[in-house]
Amino acid sequence: MSEKTPRLRGALEGIPTYRPGRPAASGTAAYKLSSNENPYPPLPGVLETMTAATAKANRYPDMACTALMAELAERFGVPVEHVATGTGSVGVAQQLLQSTAGPGDEVVYAWRSFEAYPIVTQISGATSVQVPLTEGEEHDLDAMADAVTERTRLIFVCNPNNPTGVAIRRDALERFLDRVPEDVLVVLDEAYREFVRDEDVPDGISLYRDRPNVCVLRTFSKAYGLAGLRVGFAVAHEPVAAALRKTAVPFGVSQVAQDAAVASLRSEDALLERVETLVAERARVSRELVAQGWTVPESQANFVWLRLGERTVDFAAACEKAGAVVRPFAGEGVRVTVGESEANDIFLQTAAAFRKNEL
């Protein structure tokens, strides 16, 4: 038998592995605060819609996502031609890379930010240009603008940023966009937009309208509680949206996901009620952490961030032992999803005990 193996692309060598949040182990940890999931089930009526859709699982889904596209266009007041869907916002992000960048091109983003950015960039064959966050855990927008070269094809701006939760305000973001060349695509990744309460943080769709090089990413995985269905979307001007439709995996978004997303968009009152509950819990968790003596960046997402450095792994282990799994980034910090109040209490008690032992 030949020892030769199929030749694969060199761009895949050394590619970082996406690490999902660890689940709560049976009999060990009761709560999973590691994946920024919504702790609530699908919105009222959505589960019934999903169940009905499964009866037609023998048929392919609507490849054009016609009903969902129309619903999104109406909901956000944009032309339907400016909408594109995909398998979660990360799936759409990968389509954006396929559409814009290849070997020799560069992709700029803050670091640390969403861990899928280096993965999808390397898969495309492009080169990542990572710009460190400021000491205040914010995007260094001036440094990001300075990092743009003639080889830059795309810039990711995660707002609010994952995993720090810090959001960029309008004036700073508009100044940055004014500095970016018109032929460089800026992707405003707004997976946590529904949790933003700072009125100075702009809705990216308001910025895209008169900027053809701005694309906005959104998802149904977080606030809408449909993480398991994998459905996200982009709002962008026609050339970009058309490219996204060309690079989409055929039939990638299931009919169950499409119908559930439409039903969720029509249940906005219930959505806002749930989001307000999580926002209130976020405020409580942040307030108590600060009272314990922790430095906590102001989060506009559904999680909080603690920069722990070399203590990160030990802190995560303490949380898991107490009954709540958090998301460690070794050597940097932990991201903790705002979950059920009982789960948040376990995390806060663990944080207090950990800090007391350090003093």
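Side chains included, hydrogens not; waters and symmetry mates left out as well; all remaining heavy atoms used.
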Are the side chain of D105 and the backbone of G102 linked by a donor-acceptor contact shorter than 3.5 Å?
yes

When rounded to the nearest 0.5 angstrom, what distance separates CG in L177 from CG in N213?
7.0 Å

Pair D198, R170 - check salt bridge (Lys or Arg N to Asp or Glu O under 4.0 Å), show working.
CA-CA 10 Å; D198 185 337; R170 178 178 294 276; over 6 Å; no

Test V296 against V285 for side-chain contact (heavy atoms from CB on, under 4.5 Å), laying out the working first.
CA-CA 10 Å; V296 184; V285 169; over 6 Å; no

Could you tell me the separation between the CD atom of Q122 and the OG1 atom of T127, rounded to the nearest 0.5 Å?
9.0 Å

Is the shortest side-chain heavy-atom distance between F176 and I168 below 4.5 Å?
no

Has E74 got more than 12 heavy atoms of other residues, nucleotides or ligands less than 6.0 Å from its CD?
no

Parallel, tilted or perpendicular, judged at 30° and 60°: which one describes the rings of W111 and Y109?
perpendicular

Gap between atom OG1 of T337 and atom NZ of K32 - 0.5 Å precision:
8.5 Å

Validation row: Q130, Y117 side chains within 4.5 angstrom (heavy atoms):
no

Where F303 and P163 come nearest, the two heavy atoms and their spacing
CE1-O, 3.1 Å

Between R307 and T312, do the side chains contain an N or O donor and an N or O acceptor separated by less than 3.5 Å?
no

Identify the heavy atoms of T49 and A263 that sit nearest to each other, and give their distance.
OG1-CB, 3.9 Å

Looking at every non-hydrogen atom in both residues, tell me the closest pair between N38 and A223 and how far apart they are.
ND2-O, 2.8 Å

For E281 and N344, does a side-chain donor sit closer than 3.5 Å to a side-chain acceptor?
yes

Got a donor-acceptor contact below 3.5 angstrom from the Q292 side chain to the L348 backbone?
yes

Does CZ belonging to R151 count more than 12 external heavy atoms closer than 6.0 Å?
no

Measuring centre to centre across the rings, with the benzene-like ring taken for any Trp, is W294 within less than 6.0 Å of F347?
no

Please confirm whether the backbone N or O of V148 pairs with a side-chain atom of E106, one donor and one acceptor, at under 3.5 Å?
no

Please answer: with hydrophobic residues joined when any side-chain heavy atoms are less than 4.5 Å apart, are V338 and L271 in the same cluster?
yes

Kindly compute the distance separating CG (L96) from CG (L217), expressed to the nearest 0.5 Å.
5.5 Å

Does the side chain of D140 come under 3.5 Å of the side chain of T134 through a donor N or O and an acceptor N or O?
no

Would L207 and V240 show up in the same hydrophobic cluster when neighbours are defined by side-chain heavy atoms closer than 4.5 Å?
no

Taking the side chain from R282 and the backbone from V304, do they hold a donor-acceptor pair closer than 3.5 Å?
no

If we only count heavy atoms from C-beta on, is the V78 to R209 side-chain gap below 4.5 Å?
yes

Whether the side chain of S286 engages the backbone of A283 through a donor-acceptor N/O pair (distance < 3.5 Å, no angle test) should be reported.
no

How many angstroms lie between CZ in R193 and OG1 in T219, if you round to the nearest 0.5 Å?
15.5 Å

Is any side-chain heavy atom of I119 closer than 4.5 Å to one of V90?
no

Does F233 belong to the same Ile/Leu/Val/Met/Phe/Trp/Tyr cluster as V46, with side-chain heavy atoms less than 4.5 Å apart forming each link?
yes

Quick one, T87 with V249, criterion side-chain contact (heavy atoms from CB on, under 4.5 Å). Give me CA distance, side-chain angles, the key distance, then yes/no.
CA-CA 9 Å; T87 54; V249 174; 5.8 Å; no

Looking only at heavy atoms, what is the nearest atom pair of R335 and S35, with distance?
NH2-CA, 3.9 Å

Polar side-chain atom of E137 near backbone of V166 as donor-acceptor pair, under 3.5 Å:
no

Residues R175, D142: salt bridge by 4.0 Å N-O rule:
no

Carefully, step by step, assess R274 and L278 under the rule side-chain contact (heavy atoms from CB on, under 4.5 Å).
CA-CA 6 Å; R274 288 183 174 185; L278 290 172; 5.7 Å; no

Kindly indicate, with the supporting measurements, whether the criterion salt bridge (Lys or Arg N to Asp or Glu O under 4.0 Å) is fulfilled by R197 and E276.
CA-CA 10 Å; R197 291 298 177 271; E276 283 302 327; 2.7 Å; yes

Counting only N and O atoms by type, is there a donor-acceptor contact under 3.5 Å from the side chain of R355 to the main-chain atoms of G293?
yes

Would a 4.5 Å heavy-atom cut-off, applied to side chains only, mark D178 and R211 as touching?
yes

With side chains defined as the heavy atoms from C-beta onward, is the minimum distance between S99 and K246 less than 4.5 Å?
no

Does any part of the side chain of Q255, heavy atoms only, come nearer than 4.5 Å to the side chain of K56, both counted from C-beta?
no

Identify whether the distance between the nearest side-chain nitrogen and carboxylate oxygen of R245 and E81 falls below 4.0 Å.
no

Tell me whether the count of non-hydrogen atoms from other residues, nucleotides or ligands lying under 6.0 Å of CZ in F251 goes above 12.
yes

Taking V336 as the starting point, is it possible to reach F354 by hopping between hydrophobic residues whose side chains are less than 4.5 Å apart?
yes

Residue pair N36 / R327, side-chain donor-acceptor N/O under 3.5 Å:
no

Between D200 and R169 (side chain of the first, backbone of the second, donor and acceptor by atom type, cut-off under 3.5 Å), is there such a pair?
no

Between F76 and Y208, does the ring centroid distance fall short of 6.0 Å?
no

Heavy-atom closest contact (E71 atom, R266 atom, distance):
OE1-NH2, 3.0 Å

Using the rule given for side-chain contact (heavy atoms from CB on, under 4.5 Å), can you reason through Q258 versus T66, listing the C-alpha separation, both sets of side-chain angles and the distance that settles it, and then say yes or no?
CA-CA 9 Å; Q258 292 180 42; T66 307; over 6 Å; no

Residue E273 excluded, over 12 heavy atoms near CD under 6.0 Å:
no

For a salt bridge (Lys or Arg N to Asp or Glu O under 4.0 Å) check, start with the C-alpha distance between R284 and D345, then their side-chain angles and the critical distance, and finish with the verdict.
CA-CA 10 Å; R284 180 178 75 91; D345 288 342; 3.0 Å; yes

Which word best sums up how the rings of Y192 and F195 line up, parallel for under 30°, tilted for 30 to 60°, or perpendicular for over 60°?
tilted

Of all the heavy-atom pairs spanning L244 and Q95, show the shortest one and how long it is.
O-NE2, 2.8 Å

Do I346 and L33 come close enough that some side-chain heavy atom pair is under 4.5 Å?
no

Determine whether L226 and V275 fall in the same hydrophobic cluster, where Ile, Leu, Val, Met, Phe, Trp and Tyr are linked whenever their side-chain heavy atoms lie under 4.5 Å apart.
yes

Output for pair (H139 NE2, F156 CZ), nearest 0.5 Å, gives 11.0 Å

